[in-house]
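Notes to accompany the following structure.
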Amino acid sequence: MKSYRKVLVFNTKTRRAFINITHDCEQALEESGIKEGLLLCNPMHITASVFINDNETGLHEDYERFLERIAPEKPHDQYRHNTGTFEDNADAHIKRQLMGREVVVAVSEGKLDFGTWEQIFYGEFDGKRSKRVLIKIIGD
Amino acid sequence: MKSYRKVLVFNTKTRRAFINITHDCEQALEESGIKEGLLLCNPMHITASVFINDNETGLHEDYERFLERIAPEKPHDQYRHNTGTFEDNADAHIKRQLMGREVVVAVSEGKLDFGTWEQIFYGEFDGKRSKRVLIKIIGD
Amino acid sequence: MKSYRKVLVFNTKTRRAFINITHDCEQALEESGIKEGLLLCNPMHITASVFINDNETGLHEDYERFLERIAPEKPHDQYRHNTGTFEDNADAHIKRQLMGREVVVAVSEGKLDFGTWEQIFYGEFDGKRSKRVLIKIIGD
């Protein structure tokens, strides 16, 4: 069994952002030389998500509005995580749970085994600082 | 390390539906000959989920009502994905995120390593067309 | 390829609880002898979650309040799962979907390949009875 590890780094200009990382994952897979196996991709932080969905900016605005509606950033003091610590990012911890932490993707014949519209995104909910995304691939 | 790949196809009569695919996954596992490893199952589409929960129709109605309450299908024009494209399925992209994309299941002694009530479901949120579900198994 | 399986058992005093199981997962990994691979951790029940987030009690209260706000336990008869069966735990099945079923964690150089703040939690939504959590590790 082979394994391969790679870390990506993102520093978004805005608190919240969606970044297409499909190509980064494809490149890591090519570097790994693995033809059959599984690729895991997850943020190494707990206020961000990696998820698979559509590369369509209108939909990303819908995600932003949906998440702000059910777990709004402000007022900060509605959350005990914010009032009990020096943090202001309780909403980001909730948004990350709703969008999910990680994706596991099948690797078949040396490619990400995807349907037509599947794309991998990094979902940042508390950005404006350097944050890491882990890619781990195992297989043969 | 062995690997095995299988694709299921579903075409639901209704826009939204839950289909029990536990037996399909068990059959794929038997075909694979793999005794110890991991089984990944995910839709190859971005408006559907694969998830593990209870085989109980009342609960499935509760999921339907819950999802329609927090991310309703209509009016379609409440979503920018729908107004900016020719699509009407923004709600389905949101519902899929809430229910999750994929499941990863342990394979032990040639069986899905499940508790008593665990069953695998395909959750369709934008059906009435042919859609694929991927099963990928790796192990020995 | 090596594989390792371990089952944890929890019996919470309250209906809902969050338990840090990071150390249990680290111990299982050490027992496995696996240095490179993937660790899967999931409840063997469908009214509980395993998730990765912050070890901060204020945040856990925020999760409790958020989940009760969007999928409240009571009144029980708002859910068809409860009125159609002898169950009272439809809310727990919904909460489990929102928080997710499982985590898949990279294993690198014999350690859980985690960022600074990542911790693994068992999220119980229908406790006060004995429930199992599965750890499955594959790799070399």
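Only heavy atoms go into these numbers, but all of them, side chains included; no hydrogens, no water, no symmetry mates. Each chain gets a letter, A, B and so on, in the order its sequence line appears, and its residues count up from 1. Since this is a predicted model, take the numbers as computed values, not measurements.
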Tell me, for [X] versus chain B, whether the close heavy atoms (under 4.5 Å) come from the side chain, the backbone, both or neither.
{"X": "Glu61(A)", "value": "side chain"}
{"X": "Tyr63(A)", "value": "side chain"}
{"X": "Glu118(A)", "value": "both"}
{"X": "Val107(A)", "value": "backbone"}
{"X": "Met99(A)", "value": "both"}

Nearest heavy atoms of Asp62(A) and Ala90(B), plus distance in Å: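 What the structure gives for the nearest pair is OD2-CB, 3.8 Å.
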Please name the pair of heavy atoms, one in Ser3(B) and one in Glu36(A), separated by the smallest distance, quoted to 0.1 Å.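 Where Ser3(B) meets Glu36(A) most closely, the heavy atoms are OG-OE1, 3.3 Å.
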Is [X] in contact with chain A via its backbone, its side chain, both, or neither, using a 4.5 Å heavy-atom distance?
{"X": "Thr85(B)", "answer": "side chain"}
{"X": "Gln78(B)", "answer": "backbone"}
{"X": "Ile94(B)", "answer": "both"}
{"X": "Leu134(B)", "answer": "side chain"}

Counting heavy-atom pairs under 4.5 Å with chain A, the top scorer among Met44(B), His81(B), Met1(B), Arg5(B) is His81(B)
At a heavy-atom distance under 4.5 Å, which candidate from His45(B), Lys136(B), Lys2(B) has the highest pair count against chain A? Lys136(B)
For a side chain to side chain contact (heavy atoms under 4.5 Å, CB included) check, start with the C-alpha distance between Glu87(B) and Leu59(A), then their side-chain angles and the critical distance, and finish with the verdict. CA-CA 10 Å; Glu87(B) 302 284 353; Leu59(A) 181 67; over 6 Å; no
Pair count under 4.5 Å, heavy atoms only, with chain B: among Asp140(A), Leu38(A), Asn53(A), highest is Asn53(A)
Give the member of Val105(A), Val104(A), Thr116(A) that has the highest number of heavy-atom pairs under 4.5 Å with chain B.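 It is Val104(A).
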Checking Glu102(B) against Val103(A) for the side chain to side chain contact (heavy atoms under 4.5 Å, CB included) test, could you report, in this order, the C-alpha distance in whole Å, the side-chain angles of both residues, the deciding distance, and whether it holds? CA-CA 8 Å; Glu102(B) 79 230 2; Val103(A) 296; 4.2 Å; yes
Arg80(B) side chain to His60(A) main-chain N or O, any donor-acceptor pair under 3.5 Å? no
Does any N or O in the side chain of Arg69(A) come within less than 3.5 Å of the main-chain N or O of Ile70(B), such that one atom is a donor and the other an acceptor? yes
Using side chain to side chain contact (heavy atoms under 4.5 Å, CB included), reason through Asn42(B) and Ile52(A) one step at a time and then give a plain yes or no. CA-CA 11 Å; Asn42(B) 63 267; Ile52(A) 290 172; over 6 Å; no
When rounded to the nearest 0.5 angstrom, what is the spacing between NE2 in His93(B) and CZ in Phe66(A)?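 Taking NE2 in His93(B) and CZ in Phe66(A), the distance rounds to 14.0 Å.
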Are more than 12 heavy atoms, taken from residues, nucleotides or ligands other than Glu31(B), located less than 6.0 Å from that residue's CD atom?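 Counting other residues, nucleotides and ligands, CD of Glu31(B) exceeds 12 neighbours.
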